[in-house]
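Notes to accompany the following structure.
Just follow the structure's listing: the first ligand is 1, and inside any ligand the first atom is 1. In what follows, residues are counted from 1 in the order of the sequence shown.
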Amino acid sequence: MRETLLRANNLSKSYKVKTHPLSVQKKILWAVNGVNLEIRRGELLGLVGESGCGKSTLGRLLLLLEQPDKGEIWWEDICLTTLKPRQLKSWRRFCQPIFQDPFASLNPRQTIKQILEEPLLVHGILKDKRKRERKIVRILREVGLPAKVKDVYPHELSGGQRQRVAIARALILEPMFIVADEPTSALDVSVQAQIVNLLLDIQIQKGITYLFISHNLSLTALIADRIAVMYLGRIIEIMERKHFKSDHHPYTHALWQAIPAFGKKVEATVAGEPPNPLSLPKGCVFHPRCPEKKKICTQEVPMLKEITPGHFVACHLFG
Ligand code: SF4
């Protein structure tokens, strides 16, 4: 088995939100709630779940783009959550994000060369200007773009080209870990496969570890070594590829069932609406939508348990 690169221990993040747009009263919303997760060196771990379940918040926490309220993040034997800002800065070059919307994540006032040069300047890498330029051209070629792209602005590129630039910006610091947050969902269907293939090629060439965040279970199952399923801020199942056809948590089962036939809309949906995250139900938070619920489900929160080696499920149905 691959060794652990990154580990989240009991990670939680909350926000204060208004109970009503006109109200001054605020309640606590737990976007990430007691998450334990290991990410193994060189793997592609898929993180799936419906919109608003906390996937992106968890991705930002793992990159320390946001501070958790509780819990720890370990990078090998270093506890990142206790590092000082200066120590974190040198770690950051090894961990990079790729966001959903390349247009929003690229500065429209900078040329592609300036966008790609900025991380090198921030981290004091390649002080020689000509070496930086050569590196930029090389990285553009690696993501399938011609050298002349360095002189244009983001608005002069197509959506797919802009996402290639966003990938180049993540790669230029030679990271070991990338959080790709819905990297294809803002793109045309015809371009999505190209971007996914590019990410996979890069993983093979450079041995990068990915957290691939997606609402698209069918796509994630095609490319992931393991999948973690999130529901209302919690991880409710973690499985390896060999478990994809096993029995699942009822929510995961519903996600699999909801995958439409080839050629149709690919977003999986589950019957019923998630409960109000500001007033979660007692016991298992999935019980209002669960066709399998029992009495205990309305009273006790199920813990994540290993039901077979490498397959973890948080459900009272699994002994
Ligand atoms: Fe359904 Fe109960 Fe399992 Fe929750 S714990 S998923 S309600 S069977």
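- With a cut-off of 2.8 Å, atom 4 (Fe) of ligand 1 has an N, O or S atom of Cys284 in range.
- In summary, the atoms of ligand 1 found under 4.0 Å from a heavy atom of Cys297, numbered by their order in the structure, are 2 (Fe), 5 (S), 7 (S), 8 (S).
- Short contacts between ligand 1 and His249, defined as distances under 4.0 Å to a heavy atom of the residue, involve ligand atoms 6 (S).
- Every atom of ligand 1 is numbered from 1 in the order shown, and the set under 4.0 Å from a heavy atom of Cys290 is 1 (Fe), 6 (S), 7 (S), 8 (S).
- Side-chain heavy atoms closer than 4.5 Å link hydrophobic residues (I, L, V, M, F, W, Y) into clusters, and following such links, possibly through other members, connects Leu45 to Leu5.
- With respect to the salt-bridge test (charged N to carboxylate O, under 4.0 angstrom), the residues Glu43 and Arg241 do not qualify.
- No side-chain donor-acceptor contact under 3.5 Å links Ser12 and Asn10.
- Scanning all protein heavy atoms for the shortest distance to atom 3 (Fe) of ligand 1 gives Cys315 SG, 2.3 Å.
- At most 12 heavy atoms of other shown residues, nucleotides or ligands fall within 6.0 angstrom of atom CG in Asp247.
- Between Trp91 and Trp75, the ring planes are perpendicular. Angles over 60° get that label, and only those under 30° would be called parallel.
- Between His311 and the options Glu237, Glu240, Lys305, a side chain to side chain donor-acceptor pair (under 3.5 Å) holds for only Glu237.
- What sits closest to atom 5 (S) of ligand 1 on the protein, heavy atoms only, is His316 N, 3.3 Å.
- Of all atoms in ligand 1, listed by their number and element, those nearer than 4.0 Å to a heavy atom of Leu317 are 8 (S).
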